[in-house]
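Just below is one structure, and these are the notes that go with it.
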Amino acid sequence: MFPFLRSLFFTTRFYLLMAAGVCLLVLAHLLPPLLPAVQIGCVALGIGVLIELLTLYTGGQTVVATRTMSDRFSIGDFNPVTITLESRYRFAVRTTILDELPVQFQVRESQVVQTLRPGEQITLRYELRPVTRGVYAFGRLLIYVTGQLGLVQRRLVQEASREVPVYPSYIQMRKYQLLAISDRLSDVGVKKVRRIGHTSEFDQIKSYVGGDDVRTINWKATARSGSLMVNQYTDERAQHVYCLLDKSRAMKMPFEGMSLLDYAINTALVVSNIALYRQDRAGLVTFAEKIHDSLPATANASQMSQILELLYHQETTFPEADFGRLYAFVKRKIPQRSLLLLFTDFTTVAALERQLPFLQKIAQAHLLLVIFFENTELTARTQAHPEFVEDIYVQAIAEQFVLDKKQIVRTLEQHHIMAVLTPPEELTVKVLNKYIEIKSRGMA
C-alpha cells in the first residue's frame with residue numbers, strides 16, 4: 001500500500017526519545033502537573049518525524065552512488081575501489097554507505113559515514129586484497145540518508161552488482177617489468193651478477209673504456225681504427241625457460257592467506273615475463289598425479305596472455321605429485337636443452353629420495369632448478385624461548401623439520417641439481433636472482 005515504507009527506518013535517536021517519552025508518561029501519572037509538557041513533547045516528536053519524511057521523500061531529492069574498479073583484480077595485491085557519491089538534496093544530509101562485498105572477503109561491516117552538503121559530490125576510496133583466484137561477486141550499494149533532525153533514515157538501493165575475476169598477480173608482473181626496463185631490479189633485492197666467460201652472443205664492437213675485460217680486445221679492429229676496440233657480448237637469447245608447477249596437496253599449505261601454489265603462480269608469471277623481455281622463450285607445465293596443462297615455450301607476442309589465462313585456472317589437487325610422469329613428459333615434449341624451474345615442496349628427506357631418481361634423469365638432459373619453501377612458522381618456533389616441557393618437545397620437532405629442509409638442499413646439490421629454499425614472501429626475488437645468475441654465467 002505504501003511502497004516507501006520498505007525504505008523507511010527510524011534512527012537510534014528516535015527510539016531513545018520514544019523510550020524517554022514512555023518513561024515520562026508513566027511518571028506523569030504519578031505527577032499529573034507533568035502531563036501537559038509530556039504531551040507537547042510527544043506531539044513535537046511526531047511533527048519532527050513528519051517533517052523529516054516530507055524532506056527526505058518529496059521533490060525527487062536523492063543521493064546517487066557509483067562504484068568504480070578494475071575489470072579484474074590481482075591476487076595478493078591491494079586493488080583500489082572507488083565509490084562516488086552525489087547529493088541531490090537541497091540541504092545537508094548524513095549518509096551511511098554499505099558496500100555488499102564478495103563473500104570471499106568475509107567482511108561483515110563495510111560501512112562509511114559521510115556528511116554531504118547540498119549538491120556536493122565526493123569520492124571514497126578503499127583497497128581490497130584477494131587471496132584466492134576465481135570470480136568475486138560484488139552486490140548492491142546501500143545508502144542510508146538521515147535528515148537534519150536525525151530521526152528518520154531513508155534507504156536508497158543502488159544496483160551495482162558485478163563479477164570481477166581475480167587473476168595471478170599481474171600488478172607484481174608489471175612492477176618487475178618496469179624495473180627491468182629501467183635497469184632498477186636491484187631496488188627490490190635482485191642482484192647484479194658479473195658475467196663470467198664468453199658463452200654469450202656477440203653484440204657489437206665498441207671503443208675500449210676503463211673496466212672492460214682486456215680479453216675481449218679485438219686486435220684486428222684495433223689495428224684498423226688506431227685505438228683500442230673490444231667485443232661486446234649480450235646474454236645468449238632464445239633459450240627455452242619452462243616453469244614446472246606442482247599442483248599436489250603439498251602446495252595447498254597456506255601462508256598469509258595464500259596457498260603455496262598461488263605464490264608459485266605469481267612468481268612463474270613474473271619470471272616468464274622477464275624471460276620474454278630478455279628475448280628468451282617461456283613455457284609452462286602444470287602437473288600432479290598427471291600432466292594437467294602445458295604450453296610450449298615460444299617468444300610470441302601473445303605468449304604472456306596465454307600464460308596468464310592458463311595460470312588463472314590452476315587449482316591444487318589431493319593426489320601426490322607423480323614425478324615419473326613429469327620425467328616422461330619432459331623427455332617426450334621438450335627435446336631441446338632448457339632451463340626448467342620446478343616449483344614444488346618437499347617436507348622430508350624421505351619424500352625427496354622417492355623422487356630423486358626422476359629428478360636426476362631430468363637434470364641429465366636439462367638445467368634443472370628445484371624451488372621449494374621454508375616453513376617460516378617452524379623457523380620462528382625454533383627461535384622461541386620455551387616456557388614448559390611441552391614447548392621443548394615441540395621446538396625439537398620443529399628443529400628437525402628445519403634441518404630436513406637444509407638436508408634436502410645439500411642432497412640435491414650433491415647430485416648436481418640446483419636448489420632454492422626460500423620463504424614464500426621472498427620467492428620472486430630469489431628465483432629472479434637465480435635466473436639472472438644462470439644467464440650471466442652462461443649455465444643454461
Exercise for the section: Start with the C-alpha distance between Asn79 and Ser74, add both sets of side-chain angles, then the distance that settles side chain to side chain contact (heavy atoms under 4.5 Å, CB included), and finish with yes or no. Expected result: CA-CA 7 Å; Asn79 301 266; Ser74 174; 3.8 Å; yes
Exercise for the section: Evaluate side chain to side chain contact (heavy atoms under 4.5 Å, CB included) for Lys247 paired with Glu315, printing each intermediate quantity in order. Expected result: CA-CA 7 Å; Lys247 294 171 44 178; Glu315 298 292 342; 5.6 Å; no
Practice task
Begin from the C-alpha positions of Ser169 and Asn266 and carry the test side chain to side chain donor-acceptor pair (under 3.5 Å) through to its verdict.
Solution key: CA-CA 5 Å; Ser169 183; Asn266 288 347; 4.7 Å; no
Problem - side chain to side chain donor-acceptor pair (under 3.5 Å) assessment of Glu437 paired with Asn433 - result: CA-CA 6 Å; Glu437 178 187 345; Asn433 275 328; over 6 Å; no
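Contact record, Leu56 with Val152: CD1-O, 3.7 Å, taken as the closest heavy-atom pair. In plain terms, the two heavy atoms of Trp219 and Leu228 that are nearest each other are CZ3-CD2, 4.3 Å. Of all non-hydrogen atoms in Pro424 and Leu260, the two that sit nearest each other are CG-CD2, 3.9 Å. Nearest heavy atoms, Ile143 versus Ala65: CD1-CB, 3.7 Å. Closest approach of Arg174 and Arg72 over heavy atoms only: NH2-NH2, 4.1 Å. When all heavy atoms are compared, the tightest approach of Pro423 to Lys430 is CD-NZ, 4.1 Å.
The backbone N or O of Ala264 lies less than 3.5 Å from no partner atom in the side chain of Thr267, so there is not a single donor-acceptor pair. In this structure, Ser338 contributes its side chain and Leu340 its backbone to no donor-acceptor pair below 3.5 Å. Side chain of Arg133 to backbone of Tyr312: a donor-acceptor contact under 3.5 angstrom is found. With Glu399 contributing its side chain and Leu378 its backbone, the two residues share no donor-acceptor pair below 3.5 Å. Put simply, the side chain of Glu52 gets close to the backbone of Leu151: a donor and an acceptor are under 3.5 Å apart. Checking side-chain atoms of Ser259 against main-chain N and O of Phe255 turns up no donor-acceptor pair under 3.5 Å. The backbone N or O of Phe318 sits less than 3.5 Å from a side-chain atom of Arg249, completing a donor-acceptor pair. Looking only at distances, a side-chain donor or acceptor of Thr11 sits under 3.5 Å from a matching main-chain atom of Gly150. Side-chain atoms of Thr222 come within 3.5 Å of backbone N or O of Met229 as a donor-acceptor pair. For the pair Glu120 (side chain) and Arg117 (backbone), a donor-acceptor distance under 3.5 Å is present.
The local environment of CZ in Arg67 is crowded, with over 12 non-hydrogen atoms from other residues, nucleotides or ligands closer than 6.0 Å. The number of heavy-atom neighbours closer than 6.0 Å to OH of Tyr393, taken from other residues, nucleotides and ligands shown, is 12 or below. The neighbour count for Glu390 CD, taken as heavy atoms of other residues, nucleotides or ligands under 6.0 Å away, does not exceed 12. Atom CE of Met253 has 12 or fewer neighbouring heavy atoms from other residues, nucleotides or ligands inside a 6.0 Å radius. Around the CD atom of Glu377, the shell of radius 6.0 Å holds no more than 12 heavy atoms that belong to other residues, nucleotides or ligands. Counting non-hydrogen atoms of neighbouring residues, nucleotides and ligands closer than 6.0 angstrom, the CD atom of Gln414 exceeds 12 such neighbours.
Side chains of Lys361 and Val330 form no contact here, defined as non-hydrogen atoms less than 4.5 Å apart. Ile122 is listed as a side-chain neighbour of Leu116, based on a closest heavy-atom distance under 4.5 Å. Put simply, the side chain of Leu367 reaches to within 4.5 Å of the side chain of Ile438, judged on heavy atoms. Taking the side chain as every heavy atom from C-beta outward, Gln306 and Leu308 never approach each other to under 4.5 Å. Counting only heavy atoms from C-beta outward, the side chains of Leu124 and Thr82 never approach each other to under 4.5 Å. Taking 4.5 Å as the limit, every side-chain heavy atom of Leu311 sits out of range of all side-chain heavy atoms of Tyr167. In this structure, the side chains of Thr115 and Thr95 stay at 4.5 Å or more apart for every pair of heavy atoms. Side-chain contact between Tyr277 and Asn273: absent, with no pair of heavy atoms (C-beta onward) separated by less than 4.5 Å.
To the nearest 0.5 Å, atoms OH (Tyr435) and CG (Leu369) are separated by 12.5 Å. Rounding to the nearest 0.5 Å places OG1 of Thr317 at 11.0 Å from CE of Met251. Between the CZ atom in Phe287 and the CG atom in Leu245 there is a gap of 8.0 Å [rounded to 0.5 Å]. The CD1 atom of Ile83 sits 10.0 Å away from the OG1 atom of Thr123 when rounded to the nearest 0.5 Å. With rounding to the nearest 0.5 angstrom, the OG1 atom of Thr66 is 7.5 Å from the CD atom of Gln158. Between Thr316 atom OG1 and Asp262 atom CG the span is 8.5 Å, to the nearest 0.5 Å.
Not counting sequence neighbours, Glu425 has no partner by the side chain to side chain donor-acceptor pair (under 3.5 Å) test. Residues satisfying the ring-ring contact (aromatic ring centres under 6.0 Å, His included) test with Tyr136, not counting sequence neighbours, are Phe105.
Looking at Leu244, Ile362, Leu356, Leu342 one by one, the single match for side-chain contact (heavy atoms from CB on, under 4.5 Å) with Phe323 turns out to be Leu342.
A salt bridge is defined here as a Lys NZ or Arg NE, NH1 or NH2 lying under 4.0 Å from an Asp or Glu carboxylate O, and Lys405 with Glu374 fails to meet this definition. By the 4.0 Å N-to-carboxylate-O rule, Arg129 lies too far from Asp77 to be salt-bridged with it. Using a 4.0 Å cut-off between charged nitrogen and carboxylate oxygen, Asp99 and Arg140 do not count as a salt-bridge pair. Look at Arg162 and Asp71 and you find a salt bridge, because one of the NZ, NE, NH1 or NH2 atoms lies within 4.0 Å of a carboxylate O, short of that distance.
Taking the centre of each ring, Tyr144 and Phe9 come in below the 6.0 Å mark. For Tyr263 and Phe373, the ring centers are positioned 6.0 Å apart or more.
With no hydrogens or angles considered, no side-chain donor-acceptor pair links Thr422 and Glu426 at under 3.5 Å. A donor-acceptor contact closer than 3.5 angstrom links the side chains of Asp246 and Ser248. With hydrogens and angles left out, the side-chain atoms of Gln395 and Asp391 include no donor and acceptor closer than 3.5 Å. A donor-acceptor contact under 3.5 angstrom links the side chains of Gln407 and Thr411, judged on distance only.
Cation-pi contact between Arg154 and Tyr57: present, with separation from the ring centre below 6.0 Å and deviation from the ring axis of at most 45°.
Note on ring orientation: taking the six-membered ring where Trp is involved, the planes of Phe138 and Phe73 are perpendicular (angle over 60°, cut-offs 30° and 60°). Taking the six-membered ring for Trp and thresholds of 30 and 60 degrees, Phe14 and Phe10 have nearly parallel ring planes, at less than 30 degrees apart.
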Contacts table for residues 288-299: side-chain donor-acceptor under 3.5 angstrom, sequence neighbours left out:
residue, atom, partner, partner atom, Å
Asp293, OD2, Gln314, NE2, 3.1
Thr298, OG1, Gln303, OE1, 3.0

